[in-house]
Each structure stands twice: as structure tokens, then as C-alpha cells.
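So that the names make sense, note that chain A is the first sequence line, chain B the second, and so on, each numbered from 1. What you see below is based on every heavy atom in this structure, not just the backbone, and it leaves out hydrogens, waters and symmetry mates.
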There are 2 protein chains.
Amino acid sequence: MTYQNTQEILTALVDPTRRDIFESLGPEARAVSDLAKGRPISRPAVSQHLKVLEDAGLARSERRGTRNLYAMRPEGLAELRTYLDRFWSDVLASYAEEVSKQQGQTHDND
Amino acid sequence: MTYQNTQEILTALVDPTRRDIFESLGPEARAVSDLAKGRPISRPAVSQHLKVLEDAGLARSERRGTRNLYAMRPEGLAELRTYLDRFWSDVLASYAEEVSKQQGQTHDND
DNA sequence: ACTTACCGTAAGTTATGACTTACCAAAACA
DNA sequence: TGTTTTGGTAAGTCATAACTTACGGTAAGT
């Protein structure tokens, strides 16, 4: 299981329905039917979304009897956060460098 | 222009090709043809990707003659970062509360 | 003026993923 | 035992989005 893949995390979060399900998860595990209740989609659809979330590392499941309980796994967001931070530091530093380099000048390539 | 929408940012970043284009942008603006060079897709495809990135607030463009120059806009990542941070603080705090509530029990994460 | 370079957009194709219903397996309960 | 509850999976439908080629429009070069 290759946990913590940026592509998988983004794919998991980009769908509004699935993101909503993710947001509705908490530290206490909840059953699939419970999570499906009150939603405009079927229980199998919710089940499919939960599988995607789990594969992405954003949720974990524990079976209790016939029930399958899902909980949020916020640590799963770590890699995406790191990905974003890379640009914050990288590019903002690069920006500062560029600005000081370009002071009073215009340059173009070709 | 409704800048800074989480859905748009996620949509913009989830496509690997578009994310790669985003990552190839820097503080110095580059022309579309230049960005398309060396990629396995056509120039119009790159142009379409850049439009999505710009609409999401992740890139900015400036015209110079017939050329359209694109640069990264890292500030555009702010809202997504805030979105993620919400879960870090929210849920981790909630976790701490749960943990202290469940003290004396066995917990097995990771 | 003609030609070239650069780029956005329209239209059409195709792959993918988000749903549905139907089905099956396993555990709880009578 | 039979029945109910719970939930994963298979199969099929449908919408969308990532590409392609074709085209038009504008600025620069000759």
C-alpha cells in the first residue's frame, strides 16, 4: 500500500460529494449506512467514495460485526500540505531573489 | 472573477499534465509556445490548461506583442492551504479531546 | 502589402469516473 | 434454522474533461 500519494489525495478531494463525505468524518468511527443517511446518493455510492478515501489514506475503517465503521485520517493530508508548502517557500524565496535582481531593469529572452 | 475557490484550485491541480505545467511556471513569465515545447501534448492543449490555472488564480498572464506570458501565482494556493489547515487544527484538537476522554484504553494508530 | 510567428477558441472524439440497480456474503437475531 | 441487517462489488449508463485538428485574429518582420 503506497500511502500518501499526492495524486491520489487530490483525486480523492476534488469530487464535491466525496469531499463532503470526508468532511463529515470525525475521530469517532461511523457506519456506512449512517454516513449515507441524509445524502442524495445511494449507499453503494457512499461505499465507493469511502474506498477511494481509504486508499488515499484519508480515512480508515474498522469492521464491527456486519458493520464497517469509517473515521477520518487527517494525517493523510500531510503529503498534500507538504506539496503546497514546497511552493510557498520555494517560489516566495525565488520571488524575493527575482525582485532584487530586476530592480530598475526589464529583461526579456530571445 | 471569483478568485480563490477551493473547488477550482483542486480541479486545476488534480490533472497531472496541468499540475506539471503549473510546477514548470516560475516568477519570470514564459510564453505559451515555450511552455509547450518538450511536452507530449499540443500547444492548444497547453493553452487550455493555462486558462484553467489562471481562472483558479494559480497563474497570471501578461501580453507582450503576439505573445502571452504566463507566470506562477503561488498566493493562489492560499485558500487550499487554509482548507487543509482547518482539518489539522480542527480534527487534531478533536483528537486530543477524544484521547483524553478515552484514557486507560488501548489505542493503536500507526 | 505579404508573410511569418504566436495564441486563443470552436468543434469533435474518446476515455474516465460518478452514479444507478442487482446481486452476494457474512454476521446478528428471532 | 430462517430472516434481517449491513455493506462490498459487478455491470451498465451518462456526463464531463482532456485531448485533437482547424480556423481566425493580431502583432512583428521583410
Side-chain angles (χ1 to χ4, degrees), chain A residues 1 5-25 28-73 106-110, chain B residues 1 5-25 28-72:
Chain A
M1 296 185 206
N5 175 290
T6 300
Q7 180 62 49
E8 267 185 315
I9 299 172
L10 285 169
T11 301
L13 292 178
V14 74
D15 182 73
T17 300
R18 189 162 48 227
R19 194 163 68 253
D20 188 58
I21 293 174
F22 168 72
E23 293 173 11
S24 75
L25 295 176
E28 79 286 2
R30 295 175 56 195
V32 175
S33 300
D34 185 26
L35 289 164
K37 198 166 300 175
R39 293 189 192 278
I41 58 174
S42 67
R43 179 197 51 78
V46 174
S47 190
Q48 287 161 11
H49 282 308
L50 287 168
K51 177 179 170 56
V52 174
L53 288 171
E54 186 173 24
D55 287 348
L58 299 179
R60 59 181 163 78
S61 65
E62 57 182 274
R63 312 207 58 154
R64 199 172 305 180
T66 70
R67 305 196 305 169
N68 209 358
L69 308 177
Y70 284 88
M72 183 182 281
R73 227 179 74 93
T106 55
H107 76 293
D108 55 305
N109 318 357
D110 293 319
Chain B
M1 296 187 208
N5 174 290
T6 300
Q7 181 62 49
E8 267 186 314
I9 299 172
L10 285 169
T11 302
L13 292 178
V14 74
D15 182 74
T17 301
R18 189 161 49 228
R19 193 163 69 255
D20 188 58
I21 292 174
F22 169 72
E23 294 173 11
S24 75
L25 295 176
E28 79 286 0
R30 294 175 57 195
V32 175
S33 299
D34 186 26
L35 289 163
K37 198 167 302 178
R39 293 189 192 280
I41 59 174
S42 68
R43 179 198 51 78
V46 174
S47 191
Q48 288 160 9
H49 283 307
L50 288 167
K51 176 179 172 54
V52 174
L53 288 171
E54 186 173 26
D55 288 347
L58 299 179
R60 59 180 164 77
S61 66
E62 56 182 276
R63 312 208 56 155
R64 198 172 304 179
T66 68
R67 304 195 304 169
N68 209 0
L69 308 177
Y70 285 87
M72 182 182 281

Look at A:Glu28 together with A:Arg30 and state whether they make a salt bridge at an N to O cut-off of under 4.0 Å.
no
Take atom CZ of B:Arg39 and atom C1' of D:dT20, then tell me their distance rounded to the nearest Å.
18 Å
Intermediate values then yes/no, side-chain contact (heavy atoms from CB on, under 4.5 Å), A:Glu62 and A:Asn68:
CA-CA 6 Å; A:Glu62 57 182 274; A:Asn68 209 358; 5.8 Å; no
Strictly below 4.0 Å, heavy-atom distances to any atom of DNA chain C: list the hits from residues 42-52 of chain B, or just say none.
B:Arg43, B:Pro44, B:Ser47, B:Gln48, B:Lys51
Reckon A:Pro16 touches a base, only the sugar-phosphate, or nothing at all at heavy-atom distances under 4.0 Å?
nothing
Student check: side-chain heavy atoms of B:Val14 and A:Leu13 closer than 4.5 Å
no
Atom CG of B:Asp15 to atom P of D:dT16: distance rounded to whole Å?
17 Å
Does B:Asn68 place a side-chain N or O at less than 4.0 Å from the phosphate oxygens OP1/OP2 of C:dG8?
yes
Before giving the answer on side-chain contact (heavy atoms from CB on, under 4.5 Å), spell out for B:Asp34 and B:Leu69 the whole-Å C-alpha distance, their side-chain angles and the decisive distance to 0.1 Å.
CA-CA 9 Å; B:Asp34 186 26; B:Leu69 308 177; over 6 Å; no
Separation of D:dT9 atom P from A:Glu54 atom CD, nearest Å, is 10 Å
Whichever of A:Arg18 and A:Arg64 has its nearest DNA chain C nucleotide further upstream toward 5'
A:Arg18
For A:Leu13 and C:dG17, give me the distance from atom CG to atom C1', rounded to whole Å.
16 Å
Test of understanding: with salt bridge (Lys or Arg N to Asp or Glu O under 4.0 Å), list the residues that count as partners of B:Arg39, not counting sequence neighbours.
B:Asp20
Nucleotide of C:dT20, D:dG7, C:dC7 approaching A:Ser33 most closely (side-chain heavy atoms):
D:dG7
Please report the distance, rounded to the nearest Å, between CZ in A:Arg30 and P in D:dT6.
14 Å
State the CZ-CG distance between A:Arg43 and A:Leu50, to the nearest 0.5 angstrom.
11.0 Å
Can you tell me the pairing partner of C:dA30 across any strand shown, Watson-Crick or G-U wobble, with both distances under 3.5 angstrom?
D:dT1
Atom CZ of A:Arg67 and atom P of C:dC29 are separated, to the nearest Å, by 11 Å
C:dG8, OP1 or OP2 - any side-chain N/O from B:Tyr70 closer than 4.0 Å?
yes
From C:dG8, D:dT26, D:dT6, nucleotide with atom closest to B:Val32 side chain
C:dG8
Figure out the CZ/P separation between A:Arg63 and C:dA27, and round it to whole Å.
8 Å
note: B:Leu35, atom CG; C:dC6, atom P; distance rounded to Å ~ 13 Å
Which residues pass the side chain to side chain contact (heavy atoms under 4.5 Å, CB included) test with A:Val52, not counting sequence neighbours?
A:Ala12, A:Arg18
